[in-house]
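I'd like to ask some things about the structure below.
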Amino acid sequence: MASSASRAALSSIPLFHEKLLKSNRILAVCGAGLSAASGLPTFRGAGGLWRNHNAVDLATPEAFDADPGLVWLFYAYRRHMALTAKPNPAHYALAELARKRPGFKCLSQNVDNLHVRANHPSDQLSLLHGSLFTLKCTTCSWKDPYNIADPLCPALAPAAESNPDPTKPLPLLDPAQPLAEIRESELPHCPDCKTELQRPGVVWFGEMLDEDMLDDIEEWIEKEPVDMVLVVGTSSAVYPAAGYAERARTKGRTSVVTVNLEITEEDWGRMRKGDFGFEGDASLLVPELLRPVIGEVKGEEEEEVKV
Ligand code: BV8
Ligand code: ZN
């Protein structure tokens with residue numbers, strides 16, 4: 001159990017800045033909490049339920065096979081939300097850190113494309129679980145790397161509707177409101193093999209992550225000791241993402257830094273000497289924590305996304 005003295009050290013911004021200024025090899029592992037301030041729901045808490053479905057249950061090949069219309073409506077809704085959202089100062093701060101620290105690599109579990117829209121250098125960004133805006137064939141190798149059509153097709157138009165009456169839940173989200181049945185023939189099909197359905201280019205539970213990306217990350221971690229790991233807005237419950245912070249730790253050298261709205265007693269108890277914990281909103285904390293290296297974060301203009 002971290003004593004109050006050590007708790008003070010664990011959450012000392014001046015001590016953190018001292019370590020940051022000496023850190024060249026920095027890894028970040030980000031989750032849904034990073035995009036919370038952009039208005040996107042997280043998986044735990046209220047955002048974890050879509051209609052009366054657990055988001056995690058819909059993010060599986062089994063759910064797609066069972067009801068592709070429902071799963072496509074779920075993803076079409078998240079595409080719409082992510083398109084109408086904007087990167088927040090934490091996304092821009094991490095992008096600026098990448099420009100200022102060539103030894104910085106950002107691993108993100110988020111599929112909302114906000115890192116890319118915040119101009120995060122692509123060679124220092126690994127989107128572990130893919131993107132809502134990549135489309136794939138369920139069967140052949142056809143892929144559309146960047147598609148922001150909203151709605152994607154007429155049958156998915158309910159997901160792109162804005163809420164007529166903000167005092168009431170969006171009908172689409174109201175489990176009491178039955179959903180119009182969507183026939184498979186109405187869903188987007190692969191332009192190559194024509195017969196098979198398109199699917200969102202995200203990694204579903206039980207599916208492997210991209211091998212080349214995993215090898216690239218392993219190589220990066222192996223190359224040299226890591227000075228700091230920033231664990232931002234994640235419940236660290238999904239693997240392999242949740243394993244990277246400790247995987248990158250070199251005893252006595254690496255500071256693991258937790259930035260989260262809620263840091264549990266257990267989390268504090270797991271921290272080691274030289275680690276840090278900062279409790280609060282990532283969009284406020286990350287720019288402040290990185291200021292000695294990145295300066296003031298300006299809400300930069302979004303550049304056209306280049307694929
Ligand atoms: C795989 C894309 C090989 C789709 C996602 C080892 C042990 C146990 C299980 C496994 C294991 N290895 C593999 C598994 C199985 C499984 C897994 O990890 N299961 C878990 C549930 C135990 N992993 C897989 O299936 C992976 N594939 O391993 O393949 C294989 C295959 C079969 C069998 C063995 C091996 C694929 C996992 C990827 C799944 N796809 N997303 C989509 O998005 O729809 S995961 C998805 O959920 C997200 O990408 C993310 O990863 C996760 C949600 O977690 P977070 O992002 O952290 O969000 P959460 O809401 O949980 O937490 C938010 C946090 O933010 C909270 O802490 C909160 O306090 C904080 N917060 C909130 N607001 C703020 C904030 N912080 C700061 N500021 C704020 N404002
Ligand atoms: Zn195909």
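Reckoned from all heavy atoms, side chains included, excluding hydrogens, waters and symmetry mates. First listed ligand is number 1; within each ligand, the first listed atom is number 1.
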Return a yes/no value for G31: is any of its N or O atoms, backbone included, closer than 3.5 angstrom to an N or O of ligand 1? no

N/O separation below 3.5 Å, V203 to ligand 1: yes

Looking at ligand 1, does any of its N/O atoms fall within less than 3.5 Å of an N/O of A32? yes

With heavy atoms only and a cut-off of under 4.0 Å, state how A59 meets ligand 1: side chain, backbone, both or neither. side chain

Of the backbone atoms (N, CA, C, O) and the side-chain heavy atoms from C-beta on, which set of A237 has a member under 4.0 Å from an atom of ligand 1: side chain, backbone, both, or neither? backbone

Which of the ligand 1 atoms, numbered from 1, are nearer than 4.0 Å to a heavy atom of V111: 43 (O)

Do K136 and E207 sit within salt-bridge range, that is, some charged N less than 4.0 Å from a carboxylate O? no

Can an N or O of G206 be found at a distance shorter than 3.5 Å from an N or O of ligand 1? yes

Would G233 count as being in polar contact with ligand 1, using the rule that some N or O on each side must be under 3.5 angstrom apart? yes

Below 3.5 angstrom, do we get any N/O pair linking N110 and ligand 1? no

Ligand 1 versus S235: contacting region, heavy-atom distance under 4.0 Å: both

Judged by non-hydrogen atoms, does G130 sit under 4.0 Å from ligand 1? no

Six-ring centre of W220, R25 cation under 6.0 angstrom, axis tolerance 45°: yes

Show me which atoms of ligand 1 lie under 4.0 Å from any heavy atom of G280. 77 (C), 78 (N)

Specify whether W204 and F64 have parallel, tilted or perpendicular ring planes, treating 30° as the upper limit for parallel and 60° as the lower limit for perpendicular. tilted

Geometric class of the H115/H91 ring pair [parallel <30°, tilted 30-60°, perpendicular >60°]: perpendicular

Candidate with minimal heavy-atom separation from atom 72 (C) of ligand 1, of C30, P41, P200, G33: G33

Would you mind running through ligand 1 and noting each atom that sits below 4.0 Å from a heavy atom of T42? 60 (O), 72 (C)

V29 reachable from V232 in the ILVMFWY side-chain graph, under 4.5 Å edges: no

Sidechain-backbone polar pair: K194 side chain, P191 backbone, donor-acceptor under 3.5 Å: yes

Does any N or O of ligand 1 fall below 3.5 Å from an N or O anywhere on L261, backbone included? yes

With only distance considered, is V259 within less than 3.5 Å of ligand 1 through an N or O on each side? no

Would you kindly say whether S283 and D281 are connected by a side-chain donor-acceptor distance under 3.5 Å? yes

Which label fits H120 and F104: parallel for a plane angle under 30°, tilted from 30 to 60°, or perpendicular past 60°? tilted

Within 4.0 Å of some non-hydrogen atom of A36, the atoms of ligand 1 are 73 (N), 80 (N)

By number and element, which atoms of ligand 1 are closer than 4.0 Å to a non-hydrogen atom of T234? 55 (P), 57 (O), 64 (C), 65 (O), 67 (O)

Please say which of V286, T258, I13 ends up in a side chain to side chain contact (heavy atoms under 4.5 Å, CB included) with F278. I13

Angle at the Zn ion (ligand 2): provide the value between SG of C193 and SG of C190, rounding to 10 degrees. 100°

Examine ligand 1 and decide if any of its atoms is less than 4.0 Å from a heavy atom belonging to A241. no

Proximity winner for atom 51 (O) of ligand 1, if only heavy atoms of E279, Q109, M208 are counted: Q109

Side chains of P188 and L135: does their closest heavy-atom pair fall under 4.5 Å? no

Go through the steps to decide whether F74 and D67 satisfy the test side-chain contact (heavy atoms from CB on, under 4.5 Å), and finish with yes or no. CA-CA 11 Å; F74 169 61; D67 189 342; over 6 Å; no

For a quick check under 3.5 Å, do N119 and R99 share a side-chain donor-acceptor pair by atom type? no

Heavy-atom proximity to atom 44 (O) of ligand 1 ranks first, among F205, W204, Y239, Y75, for Y75

Quick look: E207 vs ligand 1, heavy-atom contacts under 4.0 Å, and the answer is backbone

In terms of hydrophobic clusters joined by side-chain contacts under 4.5 Å, are L21 and V256 together? no

Ignoring hydrogens and angles, tell me if any N or O in the side chain of T254 forms a donor-acceptor pair with the backbone of V226 under 3.5 Å. yes

Record the part of N260 in heavy-atom contact with ligand 1 below 4.0 Å; permitted values are side chain, backbone, both and neither. both

